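Worksheet for the structure shown next.
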Amino acid sequence: MPELPEVETVVRGLREALPGRCIVSVRLGKTDFIDDPAALESDLPGNRITGVRRHGKFVVVELEARAGAAASACLLVHLGMTGQLTTGRADTPAAPHTHVFFALDDGQELRYTDIRRFGRMVLASEGLRERVLGPLGLDPVEAGERDFCERLRGRRARIKALLLDQRVFSGMGNIYTDESLWRARIHPKRIAASLKEAELARLYRAVGDILREAIRLRGSSVSDYVDAKGERGEYQMRHRVYQRNGRKCHRCGALIRRVIVAGRSSYFCPRCQPAPRGRKRVRRQRQLKIKKAPARMKKPA
DNA sequence: CTTACGGCCTGGGTGC
DNA sequence: TGCACCCAGGCCGTAA
């Protein structure tokens with residue numbers, strides 16, 4: 001499951017192979033994850049790659065501005081759950097589920113492999129690029145503490161939902177939100193607005209430290225993830241809660257539990273990350289006594 | 001507007 | 001051996 005550290009690792013690998021290369025030809029297999037497959041085939045050959053960047057969980061392959069073009073285009077790739085971008089010699093056999101082949105001018109080939117095809121690929125003009133990447137939130141690795149906390153303060157949603165929301169922060173997925181919340185000792189169901197300043201600060205530190213450490217270890221390979229050279233990451237060895245249901249908490253020894261939060265499996269330590277106060281009972285009592293809540297002030301338009 | 005939730009896409013793994 | 005089912009992440013529509 002490529003999240004920020006995995007995508008960052010892929011990008012760093014691609015950066016060693018792609019800049020300066022020219023795309024010679026494009027060959028496509030299944031194309032239902034590509035916005036406009038015909039455009040890839042017709043417009044990409046002849047383009048030179050100038051750089052590779054990460055934006056949230058997107059890989060951005062920068063293309064040289066062509067003569068006469070107002071602005072340079074780029075290839076946006078989202079790896080979804082099982083997407084892989086790898087480079088290697090063009091004459092090596094392709095892995096199963098490889099659906100895009102970009103032949104390069106040095107005999108190498110950039111390939112996109114995706115078992116589930118939950119990924120996305122789009123050749124984007126300046127405007128389209130802005131439409132896709134523009135809504136993405138703060139990069140949690142680059143964010144300062146002030147900006148990070150500002151994004152959460154006062155929000156009434158569960159903290160886990162906000163960490164996963166790519167418009168709030170871009171790059172976090174299920175693994176790193178759970179790991180970060182465990183390290184910060186915050187239950188995934190906590191309402192963001194209920195977090196004390198010390199908890200927000202702890203969360204900021206936890207997120208940054210964990211993502212940086214995961215990048216250092218080249219990401220987590222829990223299922224299919226491999227980097228641009230086809231190698232697995234090592235951060236899965238450091239997971240403290242993710243998919244450790246029923247095993248002992250590294251900090252206190254209590255058994256890790258799994259609950260659904262924000263529609264996602266969420267792993268946490270019930271002792272280190274105390275659940276927020278339930279309100280079911282209170283609400284039921286109130287309903288018996290007070291039939292109707294007082295009408296709220298309605299602001300005139 | 002904000003938030004919650006269910007459905008959808010696909011196919012590997014699991015359990016019967 | 002086969003088969004139904006679950007689940008993954010992102011996105012979208014709907015409802016409160």
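None of the values given here were measured: they were computed from a predicted structure. The chains referred to below are lettered A, B, ... by the order of the sequence lines, with proteins before strands, and numbering in each begins at 1.
Under the 3.5 Å distance criterion, with hydrogens and angles disregarded, no donor-acceptor pair is assigned to the side chains of A:Asp139 and A:Ser170. Side-chain contact, A:Ser265 with A:Arg258: a donor N or O sits under 3.5 Å from an acceptor N or O.
The pair A:Arg89-A:Asp91 meets the salt-bridge criterion, with a side-chain N (NZ, NE, NH1 or NH2) lying under 4.0 Å from an Asp/Glu carboxylate O.
Closest to the side chain of A:Tyr242, out of C:dC7, B:dT10, C:dG9, is C:dG9. In this structure, of B:dA4, C:dA8, C:dG9, it is B:dA4 that holds the atom nearest to the side chain of A:Ala157.
One interatomic measurement links the two molecules: CG of A:Asp165 to P of C:dC11, which rounds to 10 Å at whole-angstrom precision. B:dT3 atom C1' lies 14 Å from atom CG of A:Leu164, rounded to whole Å. Here the P atom of nucleotide B:dG13 and the CD atom of A:Gln243 are 13 Å apart, to the nearest Å. Protein atom CZ of A:Arg158 is 14 Å distant from nucleotide atom C1' of B:dT2, rounded to whole Å. If you take CD1 of A:Ile34 and P of B:dT10, they are 15 Å apart, rounded to a whole angstrom. Separating the CG atom of A:Leu152 from the C1' atom of B:dT2 is a distance of 15 Å, rounded to the nearest angstrom. Rounded to whole Å, the distance from CD1 on A:Ile260 to P on B:dA4 is 15 Å. Across the protein-nucleic acid pair, A:Arg167 atom CZ and B:dT2 atom P stand 9 Å apart, rounded to whole Å.
Taking the six-membered ring where the residue is Trp, A:Phe33 and A:Tyr112 present tilted rings, their angle falling between 30° and 60°.
The stretch residues 110-117 of chain A touches DNA chain B through A:Ile115, A:Arg116, A:Arg117, each having a heavy atom within less than 4.0 Å of the strand.
The phosphate of B:dG11 has OP1 or OP2 within less than 4.0 Å of a side-chain N or O from A:Lys30. OP1 and OP2 of B:dG11 both lie 4.0 Å or more from every side-chain N or O belonging to A:Thr82. When the side-chain nitrogen and oxygen atoms of A:Arg155 are compared with OP1 and OP2 of B:dT3, one or more of them lie within a distance under 4.0 Å. In this model, the phosphate group of B:dG12 is approached by a side-chain N or O of A:His97 to a distance below 4.0 Å at OP1 or OP2.
Stacking annotation: A:Phe118 is stacked on the base of C:dG9 (ring centroids less than 5.5 angstrom apart, interplanar angle below 30 degrees).
Looking at every heavy atom in both residues, A:Pro270 comes nearest to A:Ile256 through CD-CA, 4.5 Å.
Screening residues 127-175 of chain A for ring-ring contact (aromatic ring centres under 6.0 Å, His included) gives A:Phe148-A:Phe169, A:Phe148-A:Tyr204 as the qualifying pairs, with residues at least two apart or on separate chains.
If you chain together hydrophobic residues whose side chains sit under 4.5 Å apart, A:Leu164 and A:Ile159 never meet in one group.
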